[in-house]
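Structure record follows, encoded as structure tokens.
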Amino acid sequence: MNTRENLLAEIEAFIERHCMSQTEFGLQAARDRALVTRLRAGGDVTTAMADRLRAFMSTYRPAPCPKRRRSCARPARSEEHTSETPVTP
């Protein structure tokens, strides 16, 4: 695994752990909403940017939320509508 792949794996784990979208991560960490998309597509970042991203991840503290969900897992589409009545658009 190369340096870019290691960084991307760290970011992916962070995003999953904090139930954060890739866009939100990019905006908060680097003011770049397409950052994670570019890394996934094979793009690279400078060493300074990698350091900045790691510093963000190590110091990130989510704001307290009184109605915090237990899990960020979302139900599959088939599980969203459990009633017997059909849903009309």
Side-chain angles (χ1 to χ4, degrees):
M1 198 180 262
N2 65 33
T3 305
R4 184 192 60 80
E5 291 169 342
N6 286 337
L7 177 61
L8 184 55
E10 290 174 43
I11 292 170
E12 297 280 3
F14 177 87
I15 287 171
E16 180 67 26
R17 184 171 51 254
H18 293 286
C19 300
M20 183 181 285
S21 71
Q22 66 183 28
T23 302
E24 186 64 27
F25 175 83
L27 285 172
Q28 286 192 35
R31 296 187 190 123
D32 180 357
R33 70 179 62 237
L35 173 74
V36 177
T37 301
R38 277 197 312 277
L39 285 173
R40 287 178 177 160
D44 220 343
V45 295
T46 63
T47 304
M49 178 57 73
D51 291 343
R52 180 176 170 183
L53 297 173
R54 287 187 172 111
F56 170 80
M57 290 186 284
S58 68
T59 61
Y60 178 77
R61 300 292 176 259
C65 179
K67 296 181 182 179
R68 189 167 184 109
R69 291 183 281 176
R70 292 178 189 245
S71 170
C72 62
R74 295 183 179 95
R77 282 201 165 268
S78 62
E79 297 173 6
E80 286 179 356
H81 304 289
T82 56
S83 66
E84 295 296 322
T85 59
V87 177
T88 56

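All values reported here derive from a predicted model rather than from experimental measurement.
Nearest heavy-atom pair, M57 versus E10, reported as atom, atom and distance to 0.1 Å: SD-O, 3.9 Å. Of all the heavy atoms in S58 and A55, the pair that sits closest is OG-O, 3.1 Å. Taking every heavy atom of both residues into account, I15 and V36 meet most closely at CD1-CG2, 4.2 Å. Of all non-hydrogen atoms in H18 and Y60, the two that sit nearest each other are ND1-CE2, 3.7 Å. Nearest approach of A29 to L53, heavy atoms of both residues: CB-CD2, 3.6 Å. Heavy-atom minimum distance, L35 versus A30: CD2-CB, 4.3 Å.
Counting non-hydrogen atoms of neighbouring residues, nucleotides and ligands closer than 6.0 angstrom, the CZ atom of R33 reaches no more than 12 such neighbours.
Once rounded to the nearest 0.5 Å, the distance linking OG1 of T47 with CE of M49 reads 11.5 Å. Here CD of E12 is found 9.5 Å from CZ of F25. Values are rounded to the nearest 0.5 Å. With rounding to the nearest 0.5 angstrom, the CD1 atom of I11 is 11.0 Å from the CG atom of N6.
Follow the hydrophobic side-chain contacts under 4.5 Å out from L27 and you never reach F14; the two are in separate clusters.
In this structure R52 satisfies the salt bridge (charged side-chain N to carboxylate O under 4.0 Å, His left out) test with no other residue, sequence neighbours excluded. E5 pairs by the salt bridge (charged side-chain N to carboxylate O under 4.0 Å, His left out) definition with nothing, not counting sequence neighbours. By the side chain to side chain contact (heavy atoms under 4.5 Å, CB included) test, D44 pairs with R4, sequence neighbours left out.
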